Amino acid sequence: MGSFGVIKSIRAPNVRFGARHFQSLRLMRLSRYFMPIARETPKEAEIVSHRLMLRTGMIRQEAAGIYAWLPLGLRVLTKISAIVREEQNRAGAIEVLMPTIQSADLWRESGRYEDYGKEMLRIKDRHDREMLYGPTNEEMITEIFRAYVRSYKDLPLNLYHIQWKFRDEVRPRFGVMRSREFLMKDAYSFDLDAAGSRRSYNKMFVAYLRTFARLGLTAIPMVADTGPIGGDLSHEFIILASTGESEVYCHKDFLSFAPPPADIAFDDADAMQAVVNKWTSLYAATSEKHDAAAFGALDPALQVSARGIEVGHIFYFGTKYSLPMKAVVNGPDGKEHAVHMGSYGIGPSRLAAALIEAGHDEAGIIWPDAVAPFAVGLANLKVGDSATDGACARIYSALGKAGVDVLYDDRDERPGAKFATMDLIGLPNQVIVGPKSLGEGKVEIKNRRSGARELISVEDAIVRFGGAA
RNA sequence: CGGGGUAUAGCGCAGCCCGGUAGCGCGGAAGUUUUGGGUACUUCAGGUCGCAGGUUCGAAUCCUGCUGCCCCGACCA
């Protein structure tokens, strides 16, 4: 009872000072959270990321290829999106938000309403007008652009949004890895000519390298088919994972390339080109573009043949939309020019699954620090014991004040259940507070990825994870 | 869109062949026990047996139709 009061005293100030919203993003007591963990593996899940996302209560399937994101999953999705957003902004792209529902007329302008086929979900509104749930937004962004931009002086321009899309896949599968509804970041660049568009393309190329590196992933750009959108310059960014969906081939040196630094000059076209040149200088191809002879010419020790997951795709497609949709600007020559465009996609919802494919073991998920739903899992092995309750309260409060995301397992559960839960949900760091070690003034900290454990004092643990002693 | 499965408690499954009014494990609630790697036991709650027809005295079970979901392939961020 007394210990319960200690815990409550942490929450009380949050409410009193109106900081509950902020605090609740940082701190969560498991006994008050909504994290429906399943002990058994759901039968429909085939691949490991899907299984773990269902088991940890990150997502719930509502229909084939359509998922609700539950709190734990939403935290990951939000963190992924935040990193994507930061790197888009850094590269000079500007955020907008376009609707999910679009008018069929817009798509008739580009000719794609007829071409797109059954993957497009077509809807009629109450006035019998033809609408659709957007599978992508080239038409709409072109419409927005042409409504306002008249001069080459307003170029280059790159607008992006992060929005839900729908593609009525014949056979959705692998959970959010290949769902019908999915969250997508799409950037669209506008330039006066092909050379300008190439510069915009390069910036996104560099931004993507940074984005995936920050997510803890090694993503390799590979020459790609241009697909239904068309165009002649395109790269897929592929991460290597043993459970990947397709076969990929690349030069081993890619695995040790350093990503571009945060302070790289995005306005320096030469610097951008140099990065792109470096990352396209070695062999890398998906199975569709694979050249067995060229690959075979490499030193066998440098040949990497692996499974890969596509997590990003960038295209240059020139005037494919600007011509039919009349997105033109006046150039310095006084004449009208159809703008050259490119589009650049990253799927945060797919990335959540891809990150699990790339980071898990028998016990569960292993999140990279950057997107872990919480940075620290705090396990009280004996709830109700005044010593462990007090130590946990101290750690919980100190880390919360320091802005560290902490999930506090204050449930009245067996230690074994708490260890299993912590390992399953994959928080990078665990602080284990039990009567045994606390008797010597210590708590155990465990690194989820390495499995390394250490016995240190409560104050040292606080400092270790970013709090002030 | 072809091919193959499957649908019974929140989850995983048995029962169906051979019709007689539903069961097991996990999870949930209450309790005893245990207290550093999903503890053991007791009790309890929880089910329109996917939907609609049909056969039958009687259907989870047999027949017909429909739908959802999953897997393989083709397709795809």
Side-chain angles (χ1 to χ4, degrees), chain A residues 36-47 50-51 54-55 57 60-66 116-120 134-137 163-186 208 219 224-229 234-239 244-246 286 288 308-315 343-354 362-364 379-385 388 409 411-424 430-440 442-444 446 451 453 455:
Chain A
I37 285 185
R39 212 161 153 173
E40 292 178 65
T41 302
K43 66 168 177 180
E44 74 269 19
E46 197 65 14
I47 61 168
H50 191 195
R51 283 202 293 266
L54 290 169
R55 277 201 63 200
R60 174 169 179 79
Q61 180 170 327
E62 292 297 339
I66 298 178
Y116 217 90
K118 290 191 142 186
E119 277 198 1
M120 177 184 278
T136 184
N137 292 71
Q163 176 62 291
W164 293 97
K165 297 186 159 192
F166 194 91
R167 290 184 192 169
D168 200 356
E169 297 277 349
V170 189
R171 193 185 157 208
R173 62 187 121 170
F174 305 147
V176 297
M177 185 81 85
R178 183 154 163 212
S179 49
R180 291 195 292 172
E181 188 184 50
F182 53 96
L183 190 62
M184 202 62 187
K185 185 285 299 181
D186 272 298
Y208 274 38
D225 277 325
T226 48
I229 291 176
S234 173
H235 286 91
E236 287 179 1
F237 286 76
I238 306 279
I239 61 166
E245 50 195 340
S246 57
T286 60
E288 303 89 62
I309 300 170
E310 181 185 346
V311 290
H313 201 158
I314 61 179
F315 296 85
S343 77
Y344 315 91
I346 292 181
S349 52
R350 163 176 271 206
L351 264 173
E362 321 73 52
N380 184 347
L381 296 192
K382 193 168 183 181
V383 172
D385 176 279
T388 61
D409 190 347
R411 297 172 304 166
D412 185 16
E413 287 284 348
R414 303 261 315 171
K418 300 197 173 193
F419 295 137
T421 298
M422 283 298 175
D423 285 350
L424 178 66
Q430 299 173 12
V431 178
I432 298 157
V433 182
K436 206 162 86 183
S437 44
L438 201 57
E440 301 156 26
K442 308 271 189 180
V443 296
E444 183 178 306
K446 175 181 162 183
R453 302 154 192 246
L455 278 173

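Residue numbers start from 1 in every chain, and the chains themselves are labelled A, B, ... in the order their sequence lines are given, proteins ahead of strands. Remember, it's a predicted structure, so these values are computed and weren't measured experimentally. No hydrogens, no waters, no symmetry mates; every other heavy atom, side chains included, goes into these values.
B:G28 and B:U67 are spaced 38 Å apart, taking the P atom of each and rounding to whole Å. B:C71 and B:C24 have their P atoms separated by 31 Å, given to the nearest Å. A gap of 12 Å separates the P atoms of B:C63 and B:G19, to the nearest Å. Rounded to the nearest Å, the gap between the P atom of B:U48 and that of B:C70 is 24 Å. Straight-line distance between the C1' atoms of B:G65 and B:G47: roughly 25 Å, to the nearest whole Å. A gap of 23 Å separates the P atoms of B:C16 and B:C26, to the nearest Å. For the P atom pair drawn from B:C66 and B:A9, the interatomic distance equals 25 Å after rounding to whole Å. Across the P atoms, B:U61 and B:C51 are found 11 Å apart, a figure rounded to whole Å.
Between the side chain of A:Arg453 and the base of B:G37, a donor-acceptor pair under 3.5 Å is found. Side-chain atoms of A:Arg178 come within donor-acceptor range of the base of B:C75, with a qualifying N/O pair under 3.5 Å.
Not counting sequence neighbours, the partners of A:Glu169 by the salt bridge (charged side-chain N to carboxylate O under 4.0 Å, His left out) test are A:Arg178. Under the side-chain contact (heavy atoms from CB on, under 4.5 Å) criterion, A:Glu181 pairs with A:Ile66, A:Tyr133, A:Trp164, A:Phe166, sequence neighbours left out.
The shortest distance between side-chain heavy atoms of A:Met184 and A:Thr136 does not fall below 4.5 Å. Residues A:Asn137 and A:Gln163 are not in side-chain contact: their nearest non-hydrogen atoms beyond the backbone lie 4.5 Å or more apart. Between A:Ile346 and A:Leu351 the shortest side-chain heavy-atom distance falls below 4.5 Å. At least one side-chain heavy atom of A:Asp423 sits less than 4.5 Å from a side-chain heavy atom of A:Lys446. At least one side-chain heavy atom of A:Val443 sits under 4.5 Å from a side-chain heavy atom of A:Leu438. Annotation: side chain of A:Arg350 is in contact with side chain of A:Glu310 (closest heavy-atom distance under 4.5 Å). In this structure, A:Glu413 and A:Val383 have side chains that are not in contact, with every pair of non-hydrogen atoms separated by 4.5 Å or more.
Of the candidate nucleotides B:C70, B:A77, B:C72, B:C70 has the atom nearest to the side chain of A:Glu44. Minimum atom distance to the side chain of A:Arg171 is reached by B:G73, of the listed B:G36, B:G73, B:G12. Checking B:A77, B:G36, B:C70 against every side-chain atom of A:Glu169, the shortest atom distance belongs to B:A77. Each of B:G37, B:C76, B:U35 was ranked by its minimum atom distance to the side chain of A:Phe419; first place goes to B:G37. Checked against B:U6, B:A77, B:G37, the side chain of A:Lys43 finds its nearest nucleotide in B:U6. Closest approach to the A:Glu40 side chain among B:G36, B:G25, B:C76 is made by B:G25 (side chain taken as heavy atoms from C-beta onward).
Counting non-hydrogen atoms under 4.0 angstrom, A:Arg180 reaches nothing in the nucleic acid. The residue A:Gly345 sits apart from the nucleic acid: no heavy atom pair falls under 4.0 Å. Contacts of A:Lys418 with the nucleic acid, taken as non-hydrogen atoms under 4.0 Å apart, are absent. Nucleic acid contact class of A:Ala64 (heavy atoms, under 4.0 Å, all strands): sugar-phosphate only. Contacts of A:Lys446 with the nucleic acid, taken as non-hydrogen atoms under 4.0 Å apart, include base atoms. Using a 4.0 Å heavy-atom distance criterion, A:Ser349 is classed as making no nucleic acid contact.
Salt bridge status for A:Glu444 with A:Arg453: present, with a side-chain N to carboxylate O gap under 4.0 Å.
If you take CG of A:Leu54 and C1' of B:C69, they are 13 Å apart, rounded to a whole angstrom. Atoms CZ (A:Arg51) and P (B:C70) sit 15 Å apart, rounded to a whole Å. Following rounding to the nearest Å, A:Lys436 (NZ) and B:G37 (P) show an atom-to-atom distance of 7 Å. Taking atom CZ of A:Arg173 as the reference point, atom P of B:C75 lies 11 Å away to the nearest angstrom.
For the pair A:Gln61 and B:C70, the criterion of a side-chain N or O lying under 4.0 Å from OP1 or OP2 is met. Regarding contacts with the backbone of B:G36, every side-chain N or O of A:Lys382 stays at 4.0 angstrom or more from both OP1 and OP2. OP1 or OP2 of B:U39 sits under 4.0 Å from a side-chain N or O of A:Arg414.
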Legend entry - Protein-to-nucleotide contact annotation, 5' to 3' order, nucleotides 47-52 of chain B [B base; S sugar-phosphate only; - none; under 4.0 Å, heavy atom]: ------
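The partner of B:A14 cannot be assigned: no Watson-Crick or G-U wobble pair with both contacts below 3.5 Å exists in any strand. Nucleotide B:U48 forms no Watson-Crick or G-U wobble pair with any nucleotide shown, as no partner meets the under 3.5 Å limit on both distances.
Ranked by how close their nearest RNA chain B nucleotide is to the 5' end, A:Leu381 and A:Gly347 are led by A:Leu381.
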